[in-house]
Amino acid sequence: MDNRSGACPRASRVGATASLRPLRFHEGQEVSRLTEDDLGTLLRKYRTGAGLTQAALAEKAGLSEQAVSLLERGSRRRPRIETIRALGAALGLDAAAVETLALAARGTRRAQPVPKEPPVEPAASVPRQLPPTLPDFTGRAAELEILLQALTRADGPPGTVRMVAVTGMGGVGKTALAVHAAHLAADNFPDGQFYLDLRGYGPGDAIGPLDALGQLLRSLGVDDRTIPDGVNEAASLYRSRLAERRMLIMLDNANGAGQVTSLLPGAPGSAVIVTSRRALTTLPGFRQLNLAPLDEADSVQLLSRIAAGSQVSPQSPAARSIAHLTGHLPLAVRLIGARLAARPSWPVEYIVEQLEDEHRRLDELGTGESGVRASIAGSVEFLANSNDKLDQQAAEALDLLGLPNTSDLITVTAAHLLGEPVEHTEQMLERLVDLNLLESIGPGRYRFHDLILAFARERAHQVLSEGTRTDALTRLLQLYTGVAWNCQRLTHTQSARLPLASPAPDLLPDLPDTQAALNWIDKEHTNLAELIRQANRSPALRSLIPELALSLFGYYESRNRWPEMYVIDGVGREVAGTLGFQRIAAWLEHDLGIPDVERGNYDVAVNHMLQSLAMFRAISDLPGQARCCSSLSYVHSKLGNLDESLSWAQQALALSLRIGDQSIEGISHLALGRLHTLRGDYDLGRQSFDVSIDLAKDSGNLRSLAKRYQIAGQSYLTAGQHRLAAEALMAGLEVFHQIGDGNALAECHQNLATFHRETGDCASAIRSAEEGLRFARSYANKQREGQILTELGQIHAAQGHLAAAHSVWQQAADLLRPISRHDEAAVRALLTENPLPD
């Protein structure tokens with residue numbers, strides 16, 4: 001060919017650029033350079049000739065020292081061409097030497113054409129690669145049934161491969177379950193079973209798809225020299241070799257769909273079982289099984305099997321304690337069981353004591369790569385080392401999310417802990433869910449496994465500064481305080497407590513009405529109470545407790561949650577007094593008397609009210625004084641001190657008129673109406689009730705209006721004014737139905753049951769009592785339930801059914817004993833006054 005243009009001949013161009021593009025060996029192509037050395041020997045010669053250690057070569061080539069060592073020892077026989085080029089560049093080899101190195105990697109020994117057909121491979125024995133099943137495998141009957149159905153029953157569309165994914169947190173027993181199921185299903189796959197640990201979360205580097213395909217193809221008897229370099233080509237060959245075979249492929253410890261997709265068979269007959277810590281929902285056609293920890297019975301049984309010969313008894317409380325403290329996680333149960341088996345003289349109670357210390361619990365659950373801490377850390381590190389920024393942020397978020405002493409989180413509370421927008425927080429939480437570091441227990445609600453929570457808290461104290469931890473918990477406490485104040489604005493629109501509210505934080509949840517606000521706090525109350533206890537142990541957080549306690553008044557009063565109110569207000573009162581928060585302390589002192597009133601401890605309640613009044617007078621707080629006077633009027637009426645009660649009511653009215661507080665004015669007229677009615681001054685009583693009700697109507701506060709109707713109705717009922725009682729009670733019932741206050745409706749129906757009993761309509765009385773019980777039980781209001789049962793017993797007694805009455809009264813007494821001694825005493829009196837006939 002004429003070369004006048006000065007262009008290089010084609011052969012020369014190829015030689016010049018050989019080191020810049022993939023080295024390929026095509027059908028019939030003559031190998032141009034020969035080597036009699038294997039790859040390990042040749043690489044060692046080049047390295048020592050260059051004066052490099054394995055570590056130095058690894059650093060220059062961008063590889064691990066382990067990788068270089070494996071290549072020189074021959075443990076890794078077919079490195080990628082990119083690895084060969086990196087080694088050649090690090091060693092300073094020319095193109096010819098790099099090609100020689102590549103030939104050695106391909107196993108070429110002498111110049112000969114590559115045969116047009118691959119060599120005939122010897123018949124391979126049937127692979128039986130499954131690890132042994134655990135002899136102490138315990139429980140999981142339902143999960144095994146699901147797996148066996150997915151692996152063996154052809155109930156899908158014709159021509160499909162049976163595939164199932166077992167996912168769950170590290171240590172939950174995915175591999176043990178999958179191996180056990182695979183052994184049970186093995187007879188359905190006469191052509192063999194493959195097992196491949198993909199090492200998705202360590203130890204060591206994860207196995208890439210090409211290396212995994214290489215292992216599987218070699219297991220199928222494919223000669224190393226004929227395995228393609230590309231993933232797609234290797235996957236095609238793999239699927240071709242699997243066609244017409246019935247094999248079970250177990251792919252263990254996958255880190256995602258990308259590690260698995262190319263390893264799936266293409267033709268029916270075979271089945272695949274994959275295990276992963278990560279959700280594999282993006283794998284089409286897979287039956288998904290998310291594995292939860294064992295239940296208590298199976299945890300105890302597993303512990304006793306492993307610890308055979310020790311002092312563990314399956315029936316002992318200590319065994320159940322260990323099951324609980326290990327979070328029913330099989331890995332943790334196994335580690336403790338093995339320790340007990342190795343130390344048969346140890347008392348089981350000693351292990352329980354060690355595990356009860358959360359700060360050392362993870363230390364007790366194994367060290368090194370086999371421990372629970374390492375298992376959880378592997379999942380966290382997988383996220384932290386991801387190229388995805390969101391994964392990295394999710395790993396960082398785990399430390400802050402573990403700060404509260406609660407296991408449940410909702411998106412908005414997590415957002416405040418993290419100081420991030422709600423939308424971004426939800427994305428991070430879902431990444432943690434995907435990797436089973438967090439459980440999604442409902443839309444927007446999440447839960448930590450106990451051991452992951454312990455890991456997160458441990459990390460928080462190791463990694464985060466005290467200031468960072470304090471700031472995060474401060475944001476969370478401020479969130480709860482802001483929501484509680486919003487609730488109080490809805491339940492008590494004219495409350496004199498409201499001016500004490502701090503500015504609301506950003507990102508408050510949208511709670512448009514009273515019921516939404518009450519329901520929100522219902523769901524968060526356990527977490528909120530635990531957070532207050534946690535804050536009380538922190539000098540940096542204690543100052544936030546008094547306002548939070550005060551802000552919860554509207555919630556506690558609406559829900560009749562008097563025991564919780566007493567505890568939290570007590571903590572708030574103590575802290576407020578210590579820190580000099582005088583106005584908040586005075587209000588909390590007043591509010592501490594309310595649970596005592598509800599429990600019938602009237603003398604104790606009077607002391608709280610008088611002390612509060614003195615505190616309000618010391619700071620010249622007139623609204624607070626007016627509220628104390630109205631409360632003292634109510635308590636003295638309960639004590640039967642009607643004259644003193646009337647005096648306090650008049651003082652409250654005078655103060656309310658002086659400061660223009662229509663809320664206290666209305667409450668004062670309500671107190672006067674009740675007192676006049678009890679004293680037999682029915683006209684004065686009705687006038688005062690009407691003024692109070694009109695003021696509530698003017699304020700637009702429907703809850704206050706309904707309450708005043710109910711109190712007026714109760715007073716009329718006590719005085720025997722049945723017509724007025726019926727009108728007021730029904731009006732209150734209608735308004736409470738309108739606003740959907742179920743707790744108040746329980747009280748309404750109790751009052752109506754009493755009204756119907758007193759007017760001789762026992763059938764209607766029973767219907768009202770049963771409706772009241774329904775509402776009380778739906779809101780877990782035990783005290784109201786006991787009071788309504790007491791009324792129901794009186795209805796039965798009025799009908800002459802004393803046996804039924806005694807049965808219901810006994811239920812009421814048992815229910816009220818731990819809640820209200822006053823109410824219990826009233827029931828006991830009924831039992832005594834109405835003896836059963838001999």
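Just so you know, these numbers use all the heavy atoms, side chains as well, and skip hydrogens, waters and symmetry mates. The shown structure was predicted, so the numbers you read here are calculated from the model rather than taken from an experiment.
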Handout entry: Residue pair Phe194, Leu251: steps toward the side-chain contact (heavy atoms from CB on, under 4.5 Å) verdict
Key = CA-CA 8 Å; Phe194 287 155; Leu251 305 172; over 6 Å; no

Problem - Salt-bridge criterion met for Arg246 and Asp191 (N-O under 4.0 Å) - result: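 No, no charged N to carboxylate O under 4.0 Å.
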
Problem - Ionic contact status for Asp298 with Arg140, cut-off 4.0 Å - result: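 Judged by the 4.0 Å cut-off on N to carboxylate O distance, Arg140 and Asp298 do not form a salt bridge.
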
For [X] and [Y], which heavy atoms make the closest approach, and how far apart are they?
X      : Y      : result
Gly371 : Leu335 : CA-CD1, 4.2 Å
Pro209 : Ser262 : CB-OG, 3.4 Å
Gly337 : Ile306 : C-CG2, 3.5 Å
Leu432 : Ala394 : CD2-O, 3.6 Å
Pro127 : Met247 : CG-CE, 3.5 Å
Leu437 : Ser379 : CD2-CB, 3.9 Å

Problem - Parallel, tilted or perpendicular, as decided by the 30° and 60° cut-offs, for the rings of Tyr201 and Phe382 - result: perpendicular

Practice task
Please report the C-alpha distance between Leu390 and His424 in whole Å, then the side-chain angles of each, then the deciding distance to 0.1 Å, and finally whether the side-chain contact (heavy atoms from CB on, under 4.5 Å) criterion is met.
Solution key: CA-CA 9 Å; Leu390 188 60; His424 185 57; 3.6 Å; yes

Hey, could you give me the [atom1]/[atom2] distance between [X] and [Y], rounded to the nearest 0.5 Å?
X      : Y      : atom1 : atom2 : value
Ile336 : Ser299 : CD1   : OG    : 12.5 Å
Glu420 : Thr411 : CD    : OG1   : 13.5 Å
Ser276 : Asn255 : OG    : CG    : 7.0 Å
Ile84  : Glu99  : CD1   : CD    : 12.5 Å
Arg44  : Leu57  : CZ    : CG    : 12.0 Å
Gln193 : Asn188 : CD    : CG    : 10.0 Å

Problem - With sequence neighbours excluded, residues passing salt bridge (charged side-chain N to carboxylate O under 4.0 Å, His left out) with Asp450 - result: none

Hey, is the main chain of [Y] close enough, under 3.5 Å, to the side chain of [X] for a donor-acceptor pair?
X      : Y      : result
Arg277 : Leu435 : no
Thr138 : Asp136 : yes
Lys174 : Gly168 : yes

[X] versus [Y]: any side-chain heavy-atom pair under 4.5 Å?
X      : Y      : answer
Arg162 : Leu151 : no
Asn436 : Ile452 : no
Gln288 : Leu280 : yes
Phe286 : Thr281 : no
Leu289 : Leu147 : yes
Met428 : Leu418 : yes
Leu401 : Phe448 : yes
Val161 : Leu264 : no

Practice task
Applying side chain to side chain donor-acceptor pair (under 3.5 Å) between Thr275 and each of Asn253, Thr167, Asp252, report the one that passes.
Solution key: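 The residue from Asn253, Thr167, Asp252 that satisfies side chain to side chain donor-acceptor pair (under 3.5 Å) with Thr275 turns out to be Asp252.
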
Exercise for the section: Check the surroundings of atom CD in Glu244: do more than 12 heavy atoms from other residues, nucleotides or ligands lie under 6.0 Å from it? Expected result: no

Handout entry: Audit row: Ser270, Ile249, side-chain contact (heavy atoms from CB on, under 4.5 Å) steps and yes/no
Key = CA-CA 8 Å; Ser270 294; Ile249 299 107; 4.2 Å; yes

Practice task
Could you please spell out the steps behind the side-chain contact (heavy atoms from CB on, under 4.5 Å) verdict for Val172 and His449?
Solution key: CA-CA 11 Å; Val172 79; His449 183 275; over 6 Å; no

